[in-house]
Each structure stands twice: as C-alpha cells, then as structure tokens.
Amino acid sequence: MVKLRIKEILSLDGNNSEITVEGWIRTRRESKEITFIEINDGSTINNLQTVVDKKIENYESIIQQLNNGSGVTIRGRLVPSPGQGQNVELLADKIQIHGDAPVDKYPLQKKRHSFEFLRTIAHLRPRTNTFGAIARVRNAMSFEIHNFFQSRGFLYVHTPIISGSDCEGAGEMFQVTTFKLNEAPVLDGEIDYTKDFFGKRSFLTVSGQLEGEIYACALKNIYTFGPTFRAENSNTARHLAEFWMVEPEMAFCDIDLNMDVAEEFLKYIFASVLEKCKDDMEFFDKRICAGLLKNLDHIINSEFIRIDYTEAVERLKRSKNNFEFPVKWGLDLQSEHEKYLTEKLFKKPVIITDYPREIKAFYMKANNDNKTVRAMDVLVPRLGEIIGGSERETDYEKLQNRIDEAGLRSSDYWWYLDLRRFGSVPHSGFGLGFERLVQFVTGMQNIRDVIPFPRCVKTLDF
RNA sequence: UCCCCUGUAGCUCAGUCGGUAGAGCAGUUGGCUGUUAACCAAUUUGUCGCAGGUUCGAGUCCUGCCGGGGGAGCCA
C-alpha cells in the first residue's frame with residue numbers, strides 16, 4: 001500500500017491497485033446506493049472522485065460527516081471511471097474522518113464566493129480552487145526566480161530587514177523601536193534615540209538595493225528576494241505594506257544589458273509557470289481572466305518595445321487621446337499615459353529609459369546631456385510599471401552632489417559613497433514587486449489576493 | 001489622503017414614489033438518479049453596518065462614524 005498525492009494518482013491507470021489518499025472533501029453527491037465525494041489534497045487543482053458504496057462497514061456512522069470541508073483518509077482501489085470528467089476514480093473500502101466541518105457552521109460553501117468575503121476568512125481561503133491555484137503558482141514562481149538567477153551564476157544575498165537609514169528616500173518607513181511609546185526618553189525636547197535598541201533610529205527596509213550594490217561590487221552578479229515594507233497610506237489593488245521584492249544587481253553592466261536581463265527574466269518566469277502549472281493556469285484563463293494564456297504567450301514570443309522618455313512624451317503628445325493629466329517633458333508619466341503606451345499604442349511590454357533626473361532617484365547615473373538619467377521602467381498591459389531599474393552613478397563627485405540635491409545627509413551614505421572611491425565599476429540592477437508579478441501571471445485583480453496574508457492600511461488580521 | 005460607488009438572510013443580490021422584508025444558492029425534509037456547479041418538490045432563516053435626525057410612518061430621505069469596492073495620488 002502506497003500513499004500518493006492526488007496529482008500522482010490522477011496520472012495512474014486504474015488497475016485496481018490499493019491506494020490510500022489523504023485530503024479534504026470538496027463536494028458530495030448522493031445517490032440511492034452510492035455516494036460520490038471529491039477529495040482535494042492541494043497537490044493539484046483537480047479532485048479525486050471517490051465512490052462510497054453504502055454497504056461499506058461504517059457508512060451509517062460517517063455519512064453525517066462526509067461533508068464539504070471534512071479531513072479524511074480513504075483507503076480503496078483505483079479503477080477506471082465509467083463516468084465523464086475523470087479517467088480514474090477511487091472505490092472506497094475504508095474511510096476515516098479526522099475532523100468534520102458542520103455544514104451549518106463552515107463558511108465555505110460549494111459555490112462561488114466573492115474575493116472580498118474570502119479575504120475575511122483568509123484562514124480558510126486556501127481551501128478554495130482559486131487560492132489553492134495561487135499558492136501553487138506563487139510557489140512555482142519563487143522557485144523559478146531562484147532557478148533563473150542561480151543558473152546564470154548570480155549569488156543569492158540576504159540583505160537586512162532592519163535598516164538604519166531611509167535608504168533611497170523611497171517612501172514612508174515603519175519605525176522599529178523597543179521604547180514604550182509613552183515613556184520614550186527625551187533629551188532637549190526630542191526623543192533620545194541613543195537610548196533605543198540600536199542607539200539610533202531604525203526602520204524596516206524599503207529596499208535591499210544599496211546593500212545589494214555592495215555585494216555586486218565584490219561578487220559581480222547578485223540578487224535579493226525578500227520582504228520589503230512601505231508605510232505609505234495607499235489604498236489600491238496593487239499596494240501592500242509588506243511585500244516581497246526581487247532585486248538583481250550586476251557589476252560591469254550598463255543600462256542596455258540591464259534591460260536585456262529584465263526582459264529575459266520576465267519571459268523565463270512566464271514560460272516556466274505556463275509549463276509547470278498548466279492546470280492552474282488554465283483555470284485562471286477560464287475563470288479569472290479571459291485571454292490570459294494567449295496574452296502571456298504573446299509576451300514570451302515578442303520583443304519588448306524600448307523607447308526613451310523623450311520619445312514617449314512625443315508619442316503621447318501626438319496621440320489623439322484626451323488625457324486627464326498634462327503631457328510635458330519634465331513631468332512624470334501618469335498611470336493613464338503608461339496604460340496608453342502599453343495597452344493601446346504598442347499592445348505589449350514597453351521599456352522606457354532616460355527619464356529627467358529631477359523625477360528619479362539620486363543614485364541613477366547621469367547621461368552626458370546632464371538632463372536625463374539612465375533609468376528604465378518596464379511597463380506591462382493591465383498593471384503598468386512592473387519593474388523599475390537603472391544604471392547606478394559610479395562617479396564619486398556626481399553622486400555626492402546628487403545626495404546633496406536630494407536633501408539627504410551624505411554622512412549617512414559614507415559606505416555607499418565608498419564603493420565609488422575604491423574600484424568603482426559600472427553596475428546596474430532593477431527591482432521587481434513579486435506580488436505584482438504574481439498578479440500579472442494569474443490575472444488576479446487585487447494584490448491582496450495573491451499574498452497569503454495581506455498587510456495593508458488598517459488591515460492586519462491572521 | 002482625495003473623488004465616486006456600496007453595506008439588506010450563512011453566501012450572492014433585488015427592494016420602484018417613504019407605507020412595515022424578497023429571490024437564487026446553501027441548510028432541512030421528501031422524491032429521483034453512476035453522479036460530477038447533479039436534478040425535482042416543499043420549507044426554515046433578518047439588530048436592513050452603527051449612532052443620531054426629518055416624518056404619522058425610514059431598508060428607502062438627511063448628518064456623522066465604521067467597513068468594503070472602483071478610480072486617482074504615492075509607488076514595487
């Protein structure tokens with residue numbers, strides 16, 4: 001007798017072999033002489049149809065508990081199924097109920113629930129088709145991210161979660177302290193952080209990039225993949241307070257090679273998930289987002305458009321679209337502009353480069369025109385910006401000036417500046433919000449549904 | 001944070017002009033059937049988000065608060 005996962009069982013021939021299956025009942029259909037129950041164990045979106053003859057020994061004692069949600073172990077024989085919809089089915093000999101799920105109390109019903117409702121029962125939602133599929137796809141994507149970088153010689157670097165400075169001015173930060181807030185020590189009217197745990201103010205990281213650069217400037221190619229925190233008061237379907245970010249950093253790499261890697265990376269992840277999560281992806285295509293598979297295929301097999309910011313602005317000016325926000329060189333592109341470029345004009349991913357320096361981060365390398373920097377944003381249909389990256393400034397003086405201009409204290413960045421004093425080389429990298437990538441791949445509309453336990457403004461359950 | 005929409009049965013929703021609460025699904029009971037979103041019949045279920053106000057009378061109109069959704073900003 002062998003214990004198999006349902007994914008494996010469904011690929012077997014029904015040759016009457018005895019097997020044991022462990023899982024949760026998804027649905028029950030009762031007949032006069034027999035009862036059909038479908039079992040799911042998370043290994044696949046597909047259920048194993050199990051036929052329960054009312055003559056099996058403990059039928060009377062378990063029938064009340066053979067409900068949607070009950071956890072069961074079933075021993076039986078695998079046979080070809082005479083019915084439609086499945087190749088094999090299990091003829092149960094012995095059923096053990098571990099824990100039942102009373103139908104009048106169990107919130108999950110055998111029907112479609114709204115995602116809003118399922119968010120309120122995040123402890124039960126992975127038992128649904130959609131959230132099971134998301135969990136498997138998310139898992140596969142994580143694994144493939146490592147695969148992509150590992151197979152290309154990138155080192156996985158663990159950058160810190162707790163940070164001593166607002167690394168790139170990238171948004172609001174969560175403060176970390178061991179002070180009791182109403183008893184924090186005060187010196188000259190200000191809170192005395194020298195008495196706090198680290199002896200200075202500390203925060204949760206908003207990016208591992210600056211530390212990533214340190215390792216890239218020693219080991220050539222590295223990547224980070226870890227949690228990131230933003231305390232912004234943003235309430236949208238694509239923002240989380242706690243999310244996972246992928247940040248490769250490459251030495252001896254300019255902006256063009258950086259774009260090549262970003263494009264290859266996205267295509268690799270899409271292709272791998274399509275191959276490894278076929279059933280789940282077909283489910284998303286059918287139930288969540290029509291045309292999803294076709295769209296991903298199209299992206300895998302097409303070249304991304306690459307234009308610079310100046311040309312993007314020209315294109316937008318020439319378009320007949322009535323934009324709500326003005327299009328003018330020097331202003332940042334709005335969501336509606338990005339959507340126009342990627343959804344209407346080009347109908348595929350677009351990489352925009354060379355933005356005005358005023359609207360981009362201090363660490364980005366200045367072009368010779370002294371007006372633009374070597375930034376690159378990858379825009380995709382439906383989501384907008386999915387990747388933001390740049391070639392980094394390598395010149396000590398220029399970087400120092402940019403830090404001053406940004407109103408940051410260069411003393412906080414002495415180690416970052418030091419990378420430009422000793423063996424400074426061209427280097428580039430990008431950041432990718434993992435949940436946004438999962439959103440794009442699955443077609444899910446709300447980012448809170450592609451992370452198991454979302455943390456957002458005013459939301460911290462489970 | 002701003003704009004718009006929304007909150008009614010366990011779930012998904014309808015509720016007109018202000019007149020005292022409705023459907024589908026689920027549940028329960030019965031029937032039928034190698035079923036597969038099973039089917040057929042009957043049937044139970046309500047602090048109408050919370051607090052105030054207008055009114056003879058409020059699910060419905062007004063004010064405030066809370067939750068949810070969409071869009072924007074910020075951003076990944």
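Just so it is clear: chains get the letters A, B, ... in the order the sequence lines come, proteins before strands, and each one is counted from 1. This is a predicted model, so every value here is computed, not measured.
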Rounding to an integer number of Å, can you tell me how far A:Ile45 CD1 sits from B:rU36 P? 20 Å
Separation between the C1' atoms of B:rC32 and B:rC40, rounded to whole Å: 8 Å
Which one of A:Ile56, A:Thr73, A:Thr50 satisfies the side-chain contact (heavy atoms from CB on, under 4.5 Å) criterion with A:Ile95? A:Ile56
Could you check how far CZ of A:Arg238 sits from C1' of B:rC74, rounded to whole Å? 10 Å
Indicate, with a heavy-atom threshold strictly under 4.0 Å, whether A:Gln86 touches base, sugar-phosphate, or nothing. base
How close or far is atom C1' of B:rC11 from atom CZ of A:Arg119, stated in whole angstroms? 16 Å
Go through the N and O atoms of the side chain of A:Glu89 and the base of B:rG34, and report whether any donor-acceptor pair is under 3.5 Å. yes
Pick the C1' atom in B:rG34 and in B:rC13, then give their distance to the nearest Å. 35 Å
Side-chain contact check for A:Thr236: nearest option of B:rG69, B:rU36, B:rA72 is B:rA72
Could you tell me whether A:Glu264 and A:Arg152 make a salt bridge, using a distance below 4.0 angstrom between a side-chain N and a carboxylate O? yes
For the base of B:rG27, is there a side-chain donor-acceptor partner from A:Gln109 under 3.5 Å away? no
Can you identify which nucleotide, out of B:rC11, B:rG69, B:rU33, has its nearest atom closest to the A:Arg448 side chain? B:rG69
May I ask you to decide whether A:Asp449 forms a salt bridge with A:Arg125, counting only side-chain N to carboxylate O separations under 4.0 Å? yes
So for A:Gln49 and B:rU35, does any side-chain atom that can act as donor or acceptor lie under 3.5 Å from a complementary atom in the base? yes
Between A:Phe323, A:Phe325, A:Tyr309, which is the residue that forms a ring pair (Phe, Tyr, Trp, His ring centres under 6.0 Å) with A:His337? A:Phe323
Side chain of A:Ala237 - closest among B:rC75, B:rG70, B:rC11: B:rG70
Please pick, from B:rC75, B:rU33, B:rC74, the nucleotide with the shortest atom-to-atom distance to any side-chain atom of A:Gln334. B:rC74
Report the distance from atom CZ of A:Phe36 to atom C1' of B:rG34, rounded to the nearest whole Å. 4 Å
Kindly determine whether A:Arg29 and A:Gln49 satisfy side-chain hydrogen bond (donor to acceptor under 3.5 Å, both in side chains), including the steps that lead there. CA-CA 10 Å; A:Arg29 294 179 293 273; A:Gln49 173 161 288; 3.1 Å; yes
Which is true for A:Leu108 with a 4.0 Å heavy-atom rule: it touches a base, it touches only sugar-phosphate, or it touches nothing? nothing
Which listed nucleotide (B:rG27, B:rG73, B:rG68) is nearest to the side chain of A:Thr459? B:rG68
Starting at the 5' end of RNA chain B, which residue's closest nucleotide do you reach first, A:Ser31 or A:Phe117? A:Phe117
In dot-bracket notation, what is the pairing pattern of RNA chain B, taking Watson-Crick (N1-N3 plus N6-O4 or O6-N4) and G-U wobble (N1-O2 and O6-N3) contacts under 3.5 Å, with [ ] crossing and | for other strands? (((((((..((((.....[..)))).(((((.......))))).....(((((..]....))))))))))))....
Atom CG of A:Asn67 and atom P of B:rG27: how far apart are they, to the nearest Å? 9 Å
Would you mind telling me which of B:rA38, B:rG67, B:rA72 lies closest to the side-chain atoms of A:Arg29? B:rA38
Does A:His113 make a side-chain donor-acceptor contact with the base of B:rC11, cut-off 3.5 Å? no
Among the nucleotides B:rG34, B:rU35, B:rC74, which one has an atom lying closest to any side-chain atom of A:Ser234? B:rC74
Given B:rA37, B:rU33, B:rA72, identify the nucleotide with an atom nearest to the side chain of A:Lys110. B:rA37
What nucleic acid atoms does A:Glu324 come within less than 4.0 Å of, heavy atoms only: base, sugar-phosphate, or nothing? nothing
Classify the nucleic acid contact of A:Phe243 as base, sugar-phosphate or nothing, counting any heavy atom under 4.0 Å across all strands shown. base
Under 3.5 Å, is there a donor-acceptor pair between the A:Trp24 and A:Ser70 side chains? no
By the 4.0 Å heavy-atom rule, please label A:Glu336 as base, sugar-phosphate, or nothing. nothing
Please determine, by modelled atom types, if A:Arg374 and A:Asn367 share a side-chain donor-acceptor pair under 3.5 angstrom. yes
Does NZ or CZ of A:Arg402 come closer than 6.0 Å to the centre of the six-membered ring of A:Tyr363, within 45° of the ring's axis? no
Taking the C1' atom in each of B:rC4 and B:rC75, what is the distance between them to the nearest angstrom? 23 Å
Take the protein atom CZ of A:Arg28 and the nucleotide atom C1' of B:rA37, then report the distance between them rounded to whole Å. 16 Å
Separation between the C1' atoms of B:rU35 and B:rA9, rounded to whole Å: 30 Å
Side-chain donor-acceptor contact under 3.5 Å, A:Glu211 with A:Thr159: no
Spacing of the C1' atoms in B:rC39 and B:rG24 (rounded, Å): 16 Å
Yes or no on side-chain hydrogen bond (donor to acceptor under 3.5 Å, both in side chains) for A:Gln175 and A:Ser202, after CA distance, side-chain angles and deciding distance? CA-CA 6 Å; A:Gln175 192 171 343; A:Ser202 50; over 6 Å; no
Could you give the distance separating B:rG57 and B:rC66 at their P atoms, to the nearest angstrom? 29 Å
The nucleotide from B:rU1, B:rG73, B:rG68 with an atom nearest the side chain of A:Asn233 is B:rU1
A:Glu385 has an atom CD; how far is it from atom P of B:rC74, in whole Å? 11 Å
Distance in angstrom units between A:Ile121 CD1 and B:rU12 P, rounded: 10 Å
Between B:rU6 and B:rC48 - C1' atom distance, rounded Å: 14 Å
Give the nucleotide from the list B:rG70, B:rG34, B:rA72 with an atom nearest to the side chain of A:Asn446. B:rG70
What contact category does A:Ser114 fall into here, base, sugar-phosphate, or nothing, at under 4.0 angstrom with non-hydrogen atoms? sugar-phosphate
Whole-Å C1' distance, B:rU20 and B:rU60: 12 Å
